[in-house]
> 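A single structure is presented below for examination.
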Amino acid sequence: MKTVNIAIDGPSGAGKSSISKAVATDLGFIHVDTGAMYRAIGLYAIRNDCLAPEAIERVIGEITVELKFLGGAQRVMLCGEDVTDYIRTPEVSMAASKVSAVPAVRAHLLDLQKKIAAENNIIMDGRDIGSVVLPHADLKIFLTASAEERASRRYLELREKPNCPPYEEILKDIEQRDYNDTHRKIAPLTVPEDAVTVDSSNMGFNEVVERITALIREVME
Ligand code: DC
């Protein structure tokens, strides 16, 4: 049976994951967060001191990343360990950004991403989903927002937590990751030609969910 594949790409902090999760729940699809896979490898690189491209390249063949879907929620397994709760720190974000520029790391994850898409109705979010992983997706969405808007959303989220970095630091971090993601040689973040761009800078969460759900329903008709 042909599965429905929706690609959602965009920069860090654009809300891809939370929006995709909400839309997937509405439609009964699986949400695949590919960033979490790169984060798992970033965590491995921190733990094993192999962040340098040559170092991660040497060990990538030994690293297993698997996704499990428990009640629709994605769990990420790194070499058999559920690391879902350890991959959202700023340190892991930066490590993920670095390892994701290494071709051998991308190749390692590509087959797994394609396999999940072939077997399930999915909304897959990342940076290269429409351009590389699912070039024939039923719909490609580029979800974005200004760097300032993304930084202030992140700041509001972290403000109540201990050690919240200042807004300026969050903004700098986002700009650095945008630069890394758009300037790497392999699978850089780009707007696929046939993608629908949704700029959420001045939109509320529910508004974005409704807009994307409507776009998906249109292609499923
Ligand atoms: O979406 P995220 O912030 O969780 O992604 C973590 C890092 O992984 C980010 O720096 C970009 C990278 N990434 C990628 O290169 N390709 C993807 N398909 C998804 C994420």
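Note: hydrogens, waters and symmetry copies are ignored here, and every other heavy atom, side chains too, is used. Order of appearance sets the numbers: ligands from 1, and atoms from 1 within every ligand. Sequence positions, counted from 1, serve as the residue numbers for this chain. Predicted, not measured: the structure shown is a model, and the values here were computed from it.
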> Pairing donors with acceptors under 3.5 angstrom, does anything connect the side chains of N180 and Q176?
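Yes, Q176 and N180 have a side-chain donor paired with an acceptor closer than 3.5 Å.
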> Is R154 salt-bridged to E157, going by a charged N under 4.0 Å from an acidic O?
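Here R154 pairs with E157 in a salt bridge, since their nearest N and O are under 4.0 Å apart.
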> Can you see whether R150 engages T144 through a side-chain donor-acceptor pair at a distance of less than 3.5 angstrom?
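Looking only at side-chain atoms, T144 and R150 do not form any donor-acceptor pair under 3.5 Å.
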> At a 4.0 angstrom heavy-atom cut-off, what protein residues surround ligand 1?
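Those residues closer than 4.0 Å to ligand 1 by some heavy atom are T34, G35, Y38, R39, R88, A96, S97, S100, R106, G126, R127, D128, I129, R177, D181, R184.
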> Can you tell me if D82 uses its side chain to pair, donor with acceptor, with the backbone of T84 under 3.5 Å?
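Checked: pair present.
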> Would you check if N5 and I129 make a side-chain contact, meaning some heavy-atom pair closer than 4.5 Å?
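No, side chains not in contact.
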> Counting only heavy atoms not in R211, do more than 12 sit closer than 6.0 Å to its CZ atom?
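Incorrect, the count does not exceed 12.
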